[in-house]
Amino acid sequence: AFPSTDAVSGLVAFDHPLPEGISDASVLVSQLAQFGAPATTAIGGGRYFGFVNGGLLPVALAARWMADAWDQNAAFGVMSPLAARLEEVSERWLRELLGLPEQTVTGFVSGSSTAIFCGLAAGRWRLLKALNWDVNRQGLAGAPRLRVVTSDQTHAAVYKALALLGFGTEIIESVPCDDQGRIIAEACPDLDSRTILILQAGCVNSGAFDPFKPLIAKAARAGSWVHVDGAFGLWAAASPNTIHLTDGMGGAHSFSVDGHKTLNLPYDNGMVLCCDPEALTGAMHADGAYLVRDGARDGMAFTPDMSRRARAIEVWAALAFLGRDGVATLVDGLCANARLLAASMTDQGFTVLNDVVFNQVLVDVGDDLTEATLAAYQASGLCWAGGSVWHGRPVIRFSICSWATTEEDIALAVAELSRARDAARQAARSKTSPGS
């Protein structure tokens, strides 16, 4: 799952001066194969459980290869009729799959970090427009002050987006969460028509979902904008077995989600979905005499970037291949593997700290050995999981996000963590034994 120390050290082969002249292309490609390939992580395999990185559906990879060979620019319909049409089709399918309103539009972006940026920009545009302030023309200096309300478990990408948008992070009104990372609805402050409320479909640590129904209803009464950060969890709406986690979510205004997580698309692939098309296109607006339009969909109208690759080609391929039932089966399989991992960890004496409602599992080794166990686990390279801190305690975080993960992979992951724990215990005993 992770490259060896020797493979990583071998990357020194790339650390040479810029060539003075044209090189032999075949030699360079061979160099990538010889020194680059061994130092890659097997994110597309079944035993990489870090950072909520999804696997890779073969049909999506094939579509990506074709799209790269075609080298399509998806800024305007006139640049790529294919990209424009597949954005339209994929947008419609995503609305149906996730149960979103008919007017919902989609921007195909690099990932949910950019999608959050877009959703919050749309919210800022809409709220300021209602206050007779044109943020595109007048900027932020002197603008009416807006509020941002979100949970104390909100993702770092939200903070980044708020900083980039000029809100700053000190503006955040942070709401406490319960022991599973769900925002406490009763602790939410009063909202108003100058407020952006940010909720989560899948806490990055625990996988927990915020209580959408009461909070979105509260926001609707107050005239607030609601954004749902659903990088990996928004796909819960696509399965009958997990749709209850998203109850009431469709009343929000904007959503961010990754395709390269739960849907197992190749990197990079994210979407912003917005039920207020005017707000999204208003926030992303750009114009110029040289920007030629022919009446087809112009993808740049929904995204910050103009020139961009045709990501919708692999989105279309994955959705056309899986269909509604296939997406549900994919989501259910990830959740089932997460539950199996949690149960197996518990059987081996580990403590699972979260209720496994989706695909995240938080493991505590105990005896202050969590960090040492994680280090030994990662060093083996056989499996890979990340670390985090949960309620002040170091934890090992497993994200079950690849379609390729099997029950055998889960068994191996548990056995390897047990071995790493034994190694950490032995090292701890050696430090405390007489004469050590």
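Quick caveat: nothing in here was measured; it's all calculated off a predicted structure.
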Q.
Donor-acceptor pair, distance only, cut-off 3.5 Å: does the side chain of Asp268 make one with the backbone of Gly111?
A. no
Q: First locate atom CZ of Arg309, then atom CD of Glu314, and finally report the distance between them rounded to the nearest 0.5 Å.
A: 4.0 Å
**Q.** ring pair (Phe, Tyr, Trp, His ring centres under 6.0 Å): pairs with one or both residues in residues 225-249, sequence neighbours excluded
**A.** Trp225-His253
Q: Name all residues meeting the salt bridge (Lys or Arg N to Asp or Glu O under 4.0 Å) criterion together with Arg308; count only those two or more places apart in sequence or in a different chain, and write none if there are none.
A: Glu87
Q. Between Glu416 and Arg47, is the closest basic N to carboxylate O distance under 4.0 Å?
A. no
(Q) Within this structure, what is the CG-CG distance for the pair Leu128 and Leu146, rounded to the nearest 0.5 Å? (A) 4.5 Å
**Q.** Thr195 side chain to Asp192 side chain, donor-acceptor N/O pair below 3.5 angstrom
**A.** yes
(Q) Testing the 3.5 Å rule here: is there a donor-acceptor pair between the side chains of Thr329 and Asp332? (A) no
**Q.** Gln153 side chain to Ser151 side chain, donor-acceptor N/O pair below 3.5 angstrom
**A.** no
Q.
I'd like to know if the side chain of Ser256 and the backbone of Ala115 have a donor-acceptor N/O pair within less than 3.5 Å.
A. no
(Q) Going by side-chain hydrogen bond (donor to acceptor under 3.5 Å, both in side chains), name the residues that satisfy it together with Thr40, two or more places apart in sequence or in a different chain. (A) none
Q.
To the closest 0.5 Å, what do you measure between CD (Gln200) and CZ (Arg182)?
A. 12.0 Å
**Q.** Thr370 and Asp364: side chain donor to acceptor below 3.5 Å
**A.** yes
Q. Under a 4.0 Å N-O cut-off, is there an ion pair linking Arg92 with Glu88?
A. no
Q: Check whether any side-chain N or O of Asn264 sits under 3.5 Å from a backbone N or O of Gly55 as a donor-acceptor pair, and report yes or no.
A: yes
Q) Does His260 reach the main-chain N or O of Asn269 with its side chain, forming a donor-acceptor pair under 3.5 Å? A) yes
Q: Supply the atom-to-atom distance Trp384 CH2 to Phe398 CZ, rounded to the nearest 0.5 angstrom.
A: 10.5 Å
Q: Establish, from distance only, whether the side-chain atoms of Asn337 and Thr405 form a donor-acceptor pair under 3.5 Å.
A: no
